[in-house]
*Asks:* 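Please read through the structure below; I'll follow up with questions.
Just so we're on the same page: letters track the sequence lines, and every chain starts at 1.
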2 protein chains.
Amino acid sequence: MFEYFDTVHRISPAAQHAIAEISTEISLPKNKDLQPIGHTCKTIYFMVKGIARIYYYKDGVDVTESFEFENAIIARVESLFSGRPSRKGIQVVEDAELVAIDANRLFQLYDKFPEIERLFRKIFEADYVNLVNRLESIQFHTAEERYNALVAESPEVLQRIPLKHIASYLGITQVSLSRIRAKK
Amino acid sequence: MFEYFDTVHRISPAAQHAIAEISTEISLPKNKDLQPIGHTCKTIYFMVKGIARIYYYKDGVDVTESFEFENAIIARVESLFSGRPSRKGIQVVEDAELVAIDANRLFQLYDKFPEIERLFRKIFEADYVNLVNRLESIQFHTAEERYNALVAESPEVLQRIPLKHIASYLGITQVSLSRIRAKK
DNA sequence: ATGATTATTTAACATATGTAAAATGCTCCC
DNA sequence: GGGAGCATTTTACATATGTTAAATAATCAT
C-alpha cells in the first residue's frame, strides 16, 4: 500500500506509521459484502488483491456503480465526504485482500500531518478526474462504444467480472450487452 | 467569495489576503468564452453573478457537461488536476461577474497555508460528491426522470438557460427534450 | 417596427435499448 | 458424475430516443 502511496505523494516514515496504526488487514471470500447498504461510510479501503464493486439497488435490481482493482482506493465518497448514510454497499467480486483505514482517525491525522492530507487529497482528486471522464463516456457514447472502450482499456474485466455486473456498470441491461457482444 | 469560503472552511485573514493577491475580478457578457477549448486549465473561477457552463464538441455538436451558478467554483478539473490540455471550454450563459484565481499560485500557497489546502480540498470533495450523484442519475434514470428532477431542484434553470443546453446536459437531443416537455 | 437569425416544437421514420420468457450453457456441491 | 442453481444468450415484441426536415415562435440588430 505504501508503495502505491509513494507514487501519488511521498510521505515520511512517521506519517506512514501513523496510517499503519489506524489500518487493519482484511481477507474476504468472493461475493461477500465489505460494507452493507445503508451504513454511513467510515472506512477507506485499499485493494491489495481482488476486485471490489460499489453497488446498490435500483427498483429492486442490483446495479454496479463502479469497480476497483488491485492498488486502488475504494470508498463510498458521497457518504464519506457528506457524513450521510449511503444507499450503496461494497462487495468483493473475487476473493480479496484489503487494508481498511479508519476514516475518522485518518481525518484527524490531517491536522498533525499535512502531508497525509495532501496524499489523500491527491488520491481523491485523481478519482475525481476519472469520474469526470466516466460521466462524459456515459453521457455521450453509445452502450456499444462504452463496451468496446472498457474491453480495450481492461480486457481482464471480461475474465474476472460477471457480465451482469458489467452490464449494469455500462448502464444497460444484460440482454443489451449480450446483443452487443453477439455483433462481433 | 470569502463569505462563501467561510461556509466551507474558515480561514485566517492572512490566508484570505494571500488568495486575494492571486485573484482578479472579471466581467463577461453573455455567450462569451471564459476559457477556450484546447487550453490547459490554469485558472479556478468563482461565480459572483451569472451562470457558466463547461462544454465541448462531440461529433461537431455542442455538448454541455455542467452548469455552475452564483456562489460556486467552476474549473475543468480533469485538466486542472492532470495538467493536460482540456477538450472542454467554459462559456458564460448570462452576463457574468467572476473572480479568477491563478491555480498554480494557489497550489503554491498550499505549502505555506495548510488551511487553504484544506479549504479547496473540501470544495472539490463536495464537487466530487455532486458528480457521483450526477453519474447515478444519468446512469439509471430515464431522460424524463432526469428532466423532472432538474426542474424540481432548480426551476430557475428553465428561465435562464436555453433548452438546447439543458438537453445536452441531460444527455439527450433537443427533440427528445421537447417531447418530454410536451407530455405535461 | 421589420426582417434576419436563432430557438423551440412537431412530424415521420429509423434504430437502440428495455422487458419478459424461454433456451442454452456453466459451476459447484454432494 | 449428476443435478440444482446461476449465468448467458436468444427471441419477440414494446418503447424511448435519435435523425432529418419542416413549421412556429422568440429574440436581436438595424
*Asks:* Is the distance between the ring centroids of A:Phe120 and A:Phe5 under 6.0 Å?
*Replies:*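 When the ring centroids of A:Phe120 and A:Phe5 are compared, they turn out to be within the sub-6.0 Å range.
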*Asks:* Any side-chain N or O of B:Thr173 below 4.0 angstrom from OP1/OP2 of D:dG18?
*Replies:*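 For D:dG18, OP1/OP2 do have a side-chain N/O of B:Thr173 under 4.0 Å.
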*Asks:* Round to the nearest Å and state the distance from A:Arg179 atom CZ to D:dC13 atom C1'.
*Replies:*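 My rounded result for the distance is 11 Å.
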*Asks:* Quickly work out the A:Leu163 CG to C:dC26 P distance and round it to whole Å.
*Replies:*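 Value for this atom pair: 13 Å.
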*Asks:* Go through the side-chain N and O atoms of B:Gln35 and B:Tyr45 and say whether any donor and acceptor fall under 3.5 Å apart.
*Replies:*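 Judged by distance alone, the side chains do pair up.
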*Asks:* Just how far, in rounded Å, is C1' of C:dG25 from CD of A:Gln174?
*Replies:*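 After rounding, the gap between these two atoms is 13 Å.
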*Asks:* According to a strict under-4.0 Å criterion, is A:Lys164 in side-chain N/O contact with OP1 or OP2 of D:dT9?
*Replies:*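 For A:Lys164, the contact criterion (side-chain N or O under 4.0 Å from OP1 or OP2 of D:dT9) is not met.
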*Asks:* Out of curiosity, A:Gln139 CD to B:Arg134 CZ, how far, rounded to the nearest 0.5 Å?
*Replies:*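 It comes to 5.0 Å.
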*Asks:* Between A:Lys30 and A:Arg146, which is nearer to the 5' end of DNA chain C once each is assigned its nearest nucleotide?
*Replies:*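 Upstream on the strand: A:Arg146.
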*Asks:* For the pair made of NZ in A:Lys58 and C1' in C:dT19, what is the distance, rounded to whole Å?
*Replies:*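 Answer to the nearest Å: 15 Å.
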*Asks:* In whole angstroms, how far is the P atom of C:dT15 from the CD1 atom of A:Ile180?
*Replies:*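 Checked: the CD1 to P distance equals 17 Å.
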*Asks:* Rounded to whole angstroms, how far apart are CD on A:Glu145 and P on D:dG18?
*Replies:*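 Taking atom P of D:dG18 as the reference, CD of A:Glu145 is at 13 Å.
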*Asks:* With respect to the phosphate group of D:dT9, does any side-chain polar atom (N or O) of A:Arg181 fall under 4.0 Å of OP1 or OP2?
*Replies:*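 Checking A:Arg181 against D:dT9: at least one side-chain N or O falls below 4.0 Å of OP1 or OP2.
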*Asks:* Let me know the distance between NE2 of A:His141 and C1' of D:dG18, rounded to the nearest Å.
*Replies:*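 Taking NE2 of A:His141 and C1' of D:dG18, I get 16 Å after rounding.
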*Asks:* Any side-chain N or O of B:Ser176 less than 4.0 Å from the OP1 or OP2 oxygen of D:dG18?
*Replies:*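 For B:Ser176, the contact criterion (side-chain N or O under 4.0 Å from OP1 or OP2 of D:dG18) is met.
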*Asks:* Can you name the closest pair of heavy atoms from B:Val129 and A:Val77 and give their distance?
*Replies:*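 Shortest heavy-atom contact: CG2-O, 3.8 Å.
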*Asks:* Return the value, rounded to whole Å, for the distance between atom CG of B:Asn31 and atom P of C:dT5.
*Replies:*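 Whole-Å distance recorded here is 17 Å.
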